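The structure appears right after this line, and notes come after that.
Protein chains get the first letters and strands the later ones, always in sequence-line order, with residue 1 at the start of each. What you see is a predicted model; the values in this text were computed from it and never measured.
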Amino acid sequence: MADIMKAPRGTRDILPGESERWELLNNVAQEIFGRYGYSRIVTPTFELTDVFQRAIGQESEIVQKQMYTFQDKGGRSLTLRPEGTASVVRAYVEHNLGASGPLPVKLYYGGQMFRYERPQAGRYREFWQLGVEVLGSDDPTLDAEVISMLNEFYETLGLKGLVTLINSMGCPECRPAYIKLLSDFLDSAEGLCPECEGRRKTNPLRIFDCKQPGCHETLKDAPKISDNLCESCERHFGSVKELLADAGVQTEHDEMLVRGFDYYQRTTFEVQSGNLGAQNAIGGGGRYDGLVEQYGGPPTPAIGFAVGCERILLALGDNIKGEVAGLDVFIVVIDHTMRKDAFRIARTLRAAGISCDMDFTGRSVKSQMKQANKRAAKSVLFLGPDEFEQGKIKLRNMESGDETEVSTDSLAGAVKGMLV
RNA sequence: GUGUCUGUAGCUCAAUUGGUUAGAGCGCCGGCCUGUGGCGCCGGAGGUUGGGGGUUCGAGACCCCUCAGACACCCCA
């Protein structure tokens, strides 16, 4: 490739042929989320940096080194969103959504997220997520509904070989005591990697996320959060598991599952795909009961998840095929001075709900027929001077090869009749 | 941010141990059929071999830098 403009590292173009798959994915999401009572929310692509720092946590990897943060001409510190929940919660508080309708408020969103990471398969610097957030209820039934909806979403798409891991992260009641217990254990533990040595002080829970064999081994004997929940968290988690089992949603309790954002409490979950290599998390989420308050809103329990579009499509491979819609009509322009007539006819047909396109290049008739064929046109109109003078146009059924002459006045009807 | 591997037409790949004007298939455009498709045959366009520097009489092949991609670490959707 010569020295031309290229998309920046970690970004990519979604071209026709692939974009159809994206549309399908979005349509499935919209249909299912809508059926569960969700409405779409669209938030800005960038926010004041503080919005993310407060929610995700100063110590988190994302805030520490992965955010696209810049100063605008007004001197504000802004950040391209690295995830969706913070913005939704900010909007929820800003517009007092909790007071404008019955609780809980069910929202879904979709869009690009940005993280400065080393690109690899299934990991881009600009990537797409679809997500949902439900605010205003801490009922375990809601947790179960959210997780089973996520499950239904994947099933509808045809994803196989998924594992849904769930865990409880406790709440402000029980977590401090557990952290102390864990810290005590870590103080006497050996064989932690250098990074975990650092995390031990700042964010001991994150050590569970480390995949170093040494750390993993050490943590097998560590006290687990799910064994140290307060009574209310314990009951909540028990209900969620029971409800999911009743609903026939397969899950696996993973007591080592902790997630990258500080705002998670109680129920957390992550869906992994077996055929993706290292970037195997195709969706994840959890409860964030304290977050709305943290943004200055009223105490509002909430739960949500996000899924990664690139990874889902990667995992689906050829099992998802966005259909490239065939044209109803292709207009072959025999005499190229008649292109303006073709233009008028095309407008008439489209207004009648018939998809159609025409030749714009002045190709030979034969060549135009080849085009029509490649466009999967169901029929072709031959716009030639001989018939046109008599108010007629030849219409060819591309499947059967049958041709009829139709009057220019009743084109749309004739085409529709043929398409049936 | 670290390590390993890779980089030739739009796509998938060729090019003897460095040796003349870098090839093929598919795709694209056209012709055979001067107003009619899917098959076939024929032809055409399209590459400063990712970019830059170096070694050499000579580099797509070797060396260095750089950019990009893949995989793992890391992180997470």
### Message
With rounding to the closest Å, how many angstrom separate the C1' atoms on B:rC75 and B:rC67?
### Response
24 Å
### Task
Can you tell me the pairing partner of B:rU55 across any strand shown, Watson-Crick or G-U wobble, with both distances under 3.5 angstrom?
none
### Query
Less than 6.0 Å separating the ring centroids of A:Tyr36 and A:Tyr38?
no
### Whole-Å P distance, B:rG52 and B:rG43
35 Å
#### Entry: N or O in side chain of A:Ser364 less than 4.0 angstrom from B:rG31 OP1/OP2
yes
### Message
Taking donor-acceptor contacts at under 3.5 Å, does the side chain of A:Arg259 reach the base of B:rC76?
### Response
no
### Query
What is the nucleic acid contact for A:Asp335, judged by heavy atoms within less than 4.0 Å: base, sugar-phosphate only, or nothing?
nothing
### Summary
Assign each of A:Ala278 and A:Arg118 the nucleotide of RNA chain B bearing its closest heavy atom; nearer the 5' end lies the nucleotide of A:Arg118
### Task
Under 4.0 Å between any heavy atoms, over every strand shown, what does A:Gly285 touch: base, sugar-phosphate, or nothing? Just pick one.
nothing
### Message
So, under a plain 3.5 Å distance rule, would you say the side chain of A:Glu403 forms a donor-acceptor pair with the base of B:rU36?
### Response
yes
### Message
Below the 4.0 Å mark, does B:rC29 have OP1 or OP2 next to a side-chain nitrogen or oxygen of A:Arg363?
### Response
yes
### Message
Rounding to an integer number of angstrom, what distance separates B:rG7 and B:rU49 when you compare their P atoms?
### Response
15 Å
### Residue mapping more 5' on RNA chain B - nearest nucleotide basis, A:Thr11 or A:Glu117
A:Thr11
### Nucleotide B:rC73, atom P - distance to CD of A:Glu61 in whole Å
14 Å
### B:rA45 and B:rC5, which share atom name P, separated by this distance in whole Å
40 Å
#### Entry: Watson-Crick or G-U counterpart of B:rG37, or none if no pair lies under 3.5 Å
none
### Message
Could you check whether any side-chain N or O of A:Arg311 sits under 3.5 Å from a backbone N or O of A:Ala281, counting only pairs where one atom can act as donor and the other as acceptor?
### Response
yes
### Considering all heavy atoms, the nearest A:Gly10-A:Tyr124 contact
O-CB, 3.2 Å
### Query
Does B:rA72 have OP1 or OP2 sitting under 4.0 Å from an N or O in the side chain of A:Gln120?
yes
### Message
Under 6.0 Å from the ring centre and within 45 degrees of the ring axis: does the NZ or CZ of A:Arg115 meet both conditions for the six-membered ring of A:Phe127?
### Response
no
### Face-to-face stacking of A:Phe382 with B:rG35, centres under 5.5 angstrom, angle under 30°
no
### Task
Return no unless some side-chain N or O of A:Gln279 is found under 4.0 Å from OP1 or OP2 of B:rC74.
no
### Message
Would you measure the distance from the C1' atom in B:rA59 across to the matching atom in B:rU16 and give it in whole Å?
### Response
16 Å
### Query
Is it true that A:Lys416 and A:Asp328 make a salt bridge, defined as a side-chain N closer than 4.0 Å to a carboxylate O?
no
### Query
What does A:Glu387 touch in the nucleic acid at a heavy-atom separation under 4.0 angstrom: a base, only the sugar-phosphate, or nothing?
base
#### Entry: Mutual orientation of the aromatic rings belonging to A:Phe33 and A:Phe305 [parallel < 30°, tilted 30-60°, perpendicular > 60°]
perpendicular
### Task
Please give the nucleotide sitting opposite B:rA61 as a Watson-Crick or G-U wobble pair, both distances under 3.5 Å, or none.
none
### Message
Whether A:Lys366 contacts B:rG35 is assessed here as follows: a side-chain N or O lying under 4.0 Å from the phosphate OP1 or OP2. Is that the case?
### Response
no
### Query
Is there a Watson-Crick or G-U wobble partner for B:rU4 with both distances under 3.5 Å, and if so, which one is it?
B:rA70
### Task
Establish, with yes or no, whether the OP1 or OP2 oxygen of B:rC29 is under 4.0 angstrom from a side-chain nitrogen or oxygen of A:Lys370.
no
